[in-house]
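A short write-up of the structure that comes next.
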Amino acid sequence: MLHEIILSLSGQISPLFSSQGKDTLTQDDFTLLSPPEKALLGSVAHLSQLHAQLRAHTSQISSSHSSVICRSVSTAIVTTHLGRFQKKILEVEKAILAKDNLYVGGYGIVPLSTIVGEFSPWTRRLEWLWDVAKYIQPEINDPGRPGGCSGANLINYLRVELQTGYTDIKEIATQLVATAETAWMKQLSMWLLYGNLPMYGKCDFFVQEDLESEDDDTQFGMRMDLLPKFVSAHTAGSILFIGKSLNHIRAKRKISKGISTAPVTLYKEHIEQLAGLKSPMSSSRLTTAVDWIRLSLSQSTLSKLLPLPKILEMLTLLHDFLLLGRGEFAVALVLHADACIEESRQRMQGSRNRVSGGLDGILIKEGDVNASLSHAWTELVSLQKEEDPADEEMELARELLRLSISDTKLARAATPFGGRSGLPEISTVSFEDLLFPTPTCLTAQVRAPLDLFLSSSDLKTYSKIHSYLLGVRRAQMRLGDLWKRTSLRRNHPTPWGPPRSNSQFGQNRLRATRERDNARVKQMRPIWATGSACLFVLSQIGGFFQGEVVNESWQHLREWIQGSPEPTASVSSSRPGTASSLKPQNNSQDYLDHESSQPLSQAGPSTMGRHDPEALTVAHQRHLSTLVHSLFLTDVPFTSALRALLTSVDSFVALAIRLEAIQRNMDLETDEGVVDALVDYAQEELAVWQELRAIRDDVQMGIKDLVASLRDIDDHRGLGLTAHSNQMWTGARPYAGTGSESGFRHYVPRQTAGVDRLLMKLDFGSLRN
């Protein structure tokens, strides 16, 4: 029976034990075995069954599991720990055959208790290993984990298991943690050193290809559920940036031979940094190594590909043109877009539209959109004087900016900030069809290598913000233009002059004309009051957006990038800027050019940190996220109310202009006898007045809804307008470098003023019914 026990412990099937039950014997009627001996054999049967189950289960894991980390741990269980158990069995068998007195007693008797006692510590070990194997791949399929656990979950599980009171279990767990982290480090090394996803087990790595991206270039993103807990969010972002940069450089090098790559000798230093990490992995040491590699890559390669002046030049362009920093561009674009719509309406005058002058049936083509942008550029160029220096920024904008018709399905469904990044999602309310009846978007073409800094989602966000701000600015312009229509606002008829003015007919005609105009003025007073109130509300909201949010946030970011605040940075304006007002800001370009011309070894500690492209990328993403939140683009009720108000303003202005044309024609019929037999202007005037009063009520209701949504935002957001988003940045850790770089801190976005200040201004000038 002794040899059957040894064979069963080795994992072989033995007729001595039942393969169906646990801790049972095949023959319970052994008369030679006492109950204590049967109990001892039950523990041997349990150990034998654990050994067999572990070998079968780990063999299945090692051959079929999708995670390389899980397969590595499974293989380590078999080769290392089950191998030690098998070696222990052979040592005991060899000692018995050699008649070692530790096992063999008098008359060649081998006590069963001695053998069971020799293997009793392995029961706890194999039970723990069996729990690990079942955690990797449960015996019964778990609906929550259809493919078993991931490598990150296994690492987290094993690191928790290190906190145990058993020394042997802690030793085994430490070895398995080392195996799992070594396999993970191999995946990480492929990404950090070469920018390649791991060849095997890429579905288990936390960096994944973005298959939903519409760009031709490969885009990468992070899956936080595949990230081990000892890797911080900041370190994961740095890892993603390093790999994306290397992958981008290698991809662009195949297309263009002009992009240089880092020298091969630099990889040796990176390997040394990764090789210095010991298991169990320390979060601080991993962060230090990743930051060192990031800085090394930035100073050697990315500093040439992404110089700071180029980055600041691109950010300035996006602020001036997409965020309406240069007000004359927005004005020119709106004017030429309205002119294009008017031309299209005149071309379709074959069949008269409704009296409201709606835009139904007007077809806008891609050529019309491009022509409007081209005419806007021509107008901006004509505003420059001959003695003024060449506006290089505008020339660059003419090359990069494109106004095109957007795909409605993609525009409505796309959200640049998704759940992966944890950033706020933009409201689905679209403002892209305010400039033209057809949805259009103004976007920038980012050339290599600036696409390392600006992603496609960033540009989509800029386009949405541009449509949003331009819609408010356009409504202000259209309402303001109503006051330029003198005949609609005020008209006091003068006498004909002698001798007709001295006659009774002339005096009666003058009296009737003045009474008619006075009646029209009285009718228009509620219209002008509503238009004035709406213009005030939109002006205050637009001024808050442009001055307090966009311009102040940009000044704050620009000062952080440059490292030294400018004297004019504290002066804010609620109005969009112009080319002349931006000249003091552009003077900082000389400072940047001078700074970038210095060697990196001579740059100060703060300058070196701010030259890091990864830090600049993170700062820009935080700046953009704060803009989205501060402009209320994440608030669906506010964007819905604003969109409804802007739509009502368009109808309100169109009806007022239509009413002016009808009254002019009626005056020609009455005063001059110019009659159009095909049109009944009196009936049209009544219809327009009816629609105008209805749309006036809609505008007033839209103003109330807009103010109510602002109050709701103020109640929910508390003291700070961006308190929710800024909580994400308050814990920004210091730079994890050594020496002089340790004083660097990541960019913390500026907190804009609360909504209460805007509400105070609106309450002061709001309508009181």
Side-chain angles (χ1 to χ4, degrees), residues 67-70 72-73 150-163 173-198 201-202 204-208 220-247 266-299 302 420-422 609 612-615 617-618 731-739 741-742 744-746:
S67 172
V68 173
I69 299 175
C70 295
S72 300
V73 172
S150 63
N153 291 336
L154 179 58
I155 293 176
N156 298 333
Y157 174 81
L158 293 177
R159 288 173 70 93
V160 172
E161 291 296 316
L162 290 175
Q163 311 300 323
T174 303
Q175 294 174 355
L176 292 183
V177 166
T179 302
E181 291 181 346
T182 301
W184 184 79
M185 283 299 298
K186 290 181 179 179
Q187 294 181 331
L188 181 65
S189 300
M190 288 291 296
W191 180 252
L192 281 179
L193 298 178
Y194 306 103
N196 292 330
L197 291 176
K202 65 171 61 177
D204 192 47
F205 193 51
F206 73 96
V207 177
Q208 298 282 329
F220 299 94
M222 288 192 300
R223 285 188 55 184
M224 304 307 293
D225 58 323
L226 298 179
L227 187 67
K229 290 183 178 180
F230 65 85
V231 184
S232 64
H234 166 78
T235 305
S238 298
I239 292 172
L240 177 64
F241 177 81
I242 294 171
K244 284 174 60 177
S245 302
L246 293 175
N247 184 278
L266 192 62
Y267 294 147
K268 181 180 179 181
E269 300 175 2
H270 296 176
I271 293 174
E272 292 176 355
Q273 288 290 328
L274 296 178
L277 300 175
K278 304 299 181 183
S279 182
M281 203 73 67
S282 171
S283 178
S284 59
R285 292 182 180 179
L286 177 63
T287 301
T288 302
V290 171
D291 284 343
W292 191 95
I293 294 175
R294 187 195 69 195
L295 266 186
S296 175
L297 182 65
S298 300
Q299 295 174 5
L302 296 183
R420 292 182 182 179
S421 59
D612 181 8
E614 196 268 345
T617 303
V618 173
R733 63 166 185 81
Y735 179 77
T738 57
E741 298 93 2
S742 59
F744 172 74
R745 288 184 178 272
H746 282 288

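Just so it is clear, the values below take in all heavy atoms, side chains as well, and ignore hydrogens, waters and symmetry mates. All figures in this text were calculated on a predicted structure; none of them were measured in a lab. Residues take their numbers from the sequence shown, with the count starting at 1.
Relative orientation of the Phe220 and Trp191 rings is perpendicular, given thresholds of 30° and 60° on the angle between their planes.
Residues Leu188 and Leu286 are in side-chain contact: their nearest non-hydrogen atoms beyond the backbone lie under 4.5 Å apart. At least one side-chain heavy atom of Val290 sits under 4.5 Å from a side-chain heavy atom of Ile242.
With rounding to the nearest 0.5 angstrom, the CG atom of Asp291 is 6.5 Å from the OG1 atom of Thr235. Distance check, rounded to the nearest 0.5 Å: CG of Asn153 to CG of Leu226 gives 8.0 Å. Ser72 contributes atom OG, which lies 7.0 Å from atom NZ of Lys186 (distance to the nearest 0.5 angstrom). Going from atom CE of Met281 over to atom CD of Glu181 covers 4.5 Å, rounded to the nearest 0.5 Å. Rounding to the nearest 0.5 Å places CD1 of Ile69 at 11.0 Å from CE of Met185. Atom CG in Leu154 sits 4.5 Å away from atom SG in Cys70 (nearest 0.5 Å).
Thr287 and His234 share no donor-acceptor pair across their side chains, judged by distance under 3.5 Å alone.
Gly201 and Pro198 get closest at one heavy-atom pair: O-CG, 4.5 Å. Across Gly151 and Asp204, no two heavy atoms sit closer than the pair N-OD1, 3.0 Å. The minimum heavy-atom distance linking Pro228 with Ala152 is given by the pair N-CB, 3.7 Å. Listed here is the closest heavy atom pair of Ser232 and Leu227: O-CD2, 4.5 Å. Closest approach of Gly195 and Asn247 over heavy atoms only: O-ND2, 3.0 Å.
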#### Entry: Check against side-chain contact (heavy atoms from CB on, under 4.5 Å), Trp184 and Gln187
CA-CA 5 Å; Trp184 184 79; Gln187 294 181 331; 4.1 Å; yes
### Query
Run the side-chain contact (heavy atoms from CB on, under 4.5 Å) check on Phe206 and Val231 step by step: do they pass?
CA-CA 11 Å; Phe206 73 96; Val231 184; 5.5 Å; no
### Query
Between Leu297 and Arg294, is a side-chain contact (heavy atoms from CB on, under 4.5 Å) present by the stated rule, with each step listed?
CA-CA 5 Å; Leu297 182 65; Arg294 187 195 69 195; 5.9 Å; no
#### Entry: Check against side-chain contact (heavy atoms from CB on, under 4.5 Å), Trp292 and His270
CA-CA 8 Å; Trp292 191 95; His270 296 176; 3.7 Å; yes
